[in-house]
Participant: 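Input: one structure, supplied below.
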Protein chains: 2
Amino acid sequence: MRRTKEEAEQTKQAILEAAINVFFERGVAKASLEEVARAAEVTRGAVYWHFKNKVEIFEALHEKLHTPFIEQILEGLEVDHPNPVEQLQHICTTLILALEEDEQLRKAIQLFMFKCDYSGELAFCKNRFNVKKQEKLKAFEAYFEKAQRQQTLPMSADPRMLALSVNCFIRGVVSEYLDSPRQFTLKQDVPPMMQLFFKSILQPAAS
Amino acid sequence: MRRTKEEAEQTKQAILEAAINVFFERGVAKASLEEVARAAEVTRGAVYWHFKNKVEIFEALHEKLHTPFIEQILEGLEVDHPNPVEQLQHICTTLILALEEDEQLRKAIQLFMFKCDYSGELAFCKNRFNVKKQEKLKAFEAYFEKAQRQQTLPMSADPRMLALSVNCFIRGVVSEYLDSPRQFTLKQDVPPMMQLFFKSILQPAAS
DNA sequence: GACAGCATACATACAAGAACGTATCTTTAT
DNA sequence: ATAAAGATACGTTCTTGTATGTATGCTGTC
């Protein structure tokens, strides 16, 4: 039962889509390809036709879902803004708030954060992941350096340290929210939290 | 070959110790009890004698390693301190810095954070963990409320929001560090980061 | 205080199922 | 016709849980 090329591509996407859900519900390690196949309404034969094994599926998912996230941060650097730090605050806040509406994105990030472990087969995935993170950190730094050039951030500030802090804080917020969403409401709690955090950056050091 | 009670307790601890390493290297899901047994230099018989299954081992590890962490925070509340917020900053900083020296603790936390997924069998573990987290959050809040009573924190501050922020920031720092330790040096980077963060709390709101 | 009898602390053996990867069909586009 | 796109079938490996074996520590009893 050979399908047309379009149909084949459709089933491939269906498999990826199904993989998100199955990985999400059963965890990457415990999810079997049989389950993925069933969820996509095909057999394991189809899965093995399109992908070499589970790892390859995982990689495909990562490529598809994680990449666009970082690009948004990089784009903000291109735009001219009178106060880059406030701009960064705004971008970060927006990105986090987006989680509330996009369930698929939520699932995906939860996958990469909690539903898999990067030992063994997935170890090299972690490396690729870290490369992306370095880019992100450099982008954060760039915001602060830009702000220093524009005199909206004192020269005494340490861009690298600020970038690290922002990165940690964001990761913490996202982790905590995805870990137990009932803990706080994004729309209500995140803006003041971000406000609090960035306030300390914008105000020159005291005491 | 029955052992004395002390010896039995020793092997139990040896199994837990071994489990940390095996879980860490292979991931919780993929680690087999056979591997754990070998690492502890016993057979699966011993493992099944002391524990019902892998989940019970996991729980035991959590009980053993995660609990003392929280208690330290609670203890600080008992002590009298002129400035509870600074006290909290100091406690948190110390706790994080401890990671640099205690490899076993590092491994354990990495386990709970990255090397397992809480789907399926471990789902209810997550619930128990969340209960603990609630306690922790309440403790954080208590610090801030205490500070308000002692007039070292403005009444306009929102203890719950501050507690959430602290919790997120700490989680972020710990996550980032354990995820890629080469990214920053605890001793050098964490104190200023914490300083930056808590500064925004201690200084009354502006702008 | 010694010894029978039992519980303990494991080791070994076994059965059953899951999951994987591959090899072999089937059908149908191209 | 032939190769793509899958389905089906098969053998193997891992792992799990349990059942059973066994040597030894402990405990009460006389």
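Naming convention: chains lettered A, B, ... in sequence-line order (proteins, then strands); numbering from 1 in each chain.
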Participant: Nearest 0.5 Å please: distance from the OG1 atom of B:Thr93 over to the CG atom of B:Leu186.
Facilitator: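 The OG1 atom of B:Thr93 sits 11.0 Å away from the CG atom of B:Leu186.
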
Participant: Measure CD/A:Gln10 against C1'/D:dG6 and give the value in whole Å, please.
Facilitator: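 For the pair A:Gln10 CD and D:dG6 C1', the rounded distance is 15 Å.
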
Participant: Using ring-ring contact (aromatic ring centres under 6.0 Å, His included) as the criterion, list what pairs up with A:Phe112, not counting sequence neighbours.
Facilitator: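 So A:Phe112 forms a ring-ring contact (aromatic ring centres under 6.0 Å, His included) with A:Phe58, A:His62.
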
Participant: Which residues within residues 36-49 of chain A lie with some heavy atom under 4.0 Å of an atom in DNA chain D?
Facilitator: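 Residues of residues 36-49 of chain A that come under 4.0 Å of DNA chain D are, in numerical order, A:Val42, A:Thr43, A:Gly45, A:Ala46, A:Trp49.
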
Participant: Let me check something: any side-chain donor-acceptor pairs from residues 15-25 of chain B under 3.5 Å, sequence neighbours excluded? List them with distances.
Facilitator:
| unit_1 | atom_1 | unit_2 | atom_2 | d |
| --- | --- | --- | --- | --- |
| B:Glu17 | OE2 | B:Gln104 | NE2 | 3.4 |
| B:Asn21 | OD1 | B:Lys107 | NZ | 2.7 |
| B:Asn21 | ND2 | B:Glu17 | O | 3.4 |

Participant: Nearest 0.5 Å, what's the CG-CZ distance between B:Asn53 and B:Phe51?
Facilitator: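 That separation rounds to 10.5 Å.
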
Participant: Nearest whole angstrom, please: distance from the P of D:dT15 to the CZ of B:Phe51.
Facilitator: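 Answer to the nearest Å: 20 Å.
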
Participant: How many angstroms lie between atom CZ of A:Arg128 and atom CG of A:Leu122, to the nearest 0.5 angstrom?
Facilitator: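 Nearest 0.5 Å value for the CZ-CG distance: 10.5 Å.
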
Participant: Starting at NZ of B:Lys5 and ending at C1' of D:dG25, how long is that distance when rounded to a whole Å?
Facilitator: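 Rounded to whole Å, this separation is 10 Å.
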
Participant: In whole Å, what is the span from the NZ atom of B:Lys30 to the P atom of D:dT15?
Facilitator: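 For the pair B:Lys30 NZ and D:dT15 P, the rounded distance is 9 Å.
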
Participant: Could you state the CD-C1' distance from A:Glu9 to C:dA29, rounded to the nearest angstrom?
Facilitator: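 From A:Glu9 CD to C:dA29 C1': 17 Å.
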
Participant: Rounded to the nearest Å, what distance is computed from the CZ atom of residue A:Arg3 to the P atom of nucleotide C:dT26?
Facilitator: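 That distance rounds to 17 Å.
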
Participant: Using a 4.5 Å cut-off on heavy atoms from C-beta on, say whether the side chain of A:Leu137 contacts that of B:Gln183.
Facilitator: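 Yes. Closest side-chain heavy atoms under 4.5 Å.
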
Participant: For a quick test of reading the model: is some side-chain N or O of B:Thr11 closer than 4.0 Å to OP1 or OP2 of C:dC10?
Facilitator: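 Yes.
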
Participant: Which nucleotide in the list C:dA9, C:dG21, D:dT15 gets nearest to the side chain of A:Leu33?
Facilitator: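 Ranking C:dA9, C:dG21, D:dT15 by closest atom to the A:Leu33 side chain puts C:dG21 first.
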
Participant: Would you say B:His50 reaches C:dC10's phosphate, i.e. side-chain N/O to OP1/OP2 under 4.0 Å?
Facilitator: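 Yes, within the criterion.
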
Participant: By nearest heavy atom, map A:Thr4 and B:Lys52 onto DNA chain D; which one lands nearer the 5' end?
Facilitator: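 Final value for this comparison: A:Thr4.
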
Participant: Would you say the side-chain atoms of A:Gln87 pair up with the backbone N or O of A:Tyr143, donor to acceptor, closer than 3.5 Å?
Facilitator: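 Looks like no, no N/O pair under 3.5 Å.
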
Participant: For A:Lys54 and C:dA18, what is the distance between atoms NZ and P respectively, to the nearest whole Å?
Facilitator: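 After rounding, the gap between these two atoms is 16 Å.
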
Participant: Tell me the interatomic distance from B:Glu7, atom CD, to C:dA11, atom P, rounded to whole angstroms.
Facilitator: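 Value for this atom pair: 12 Å.
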
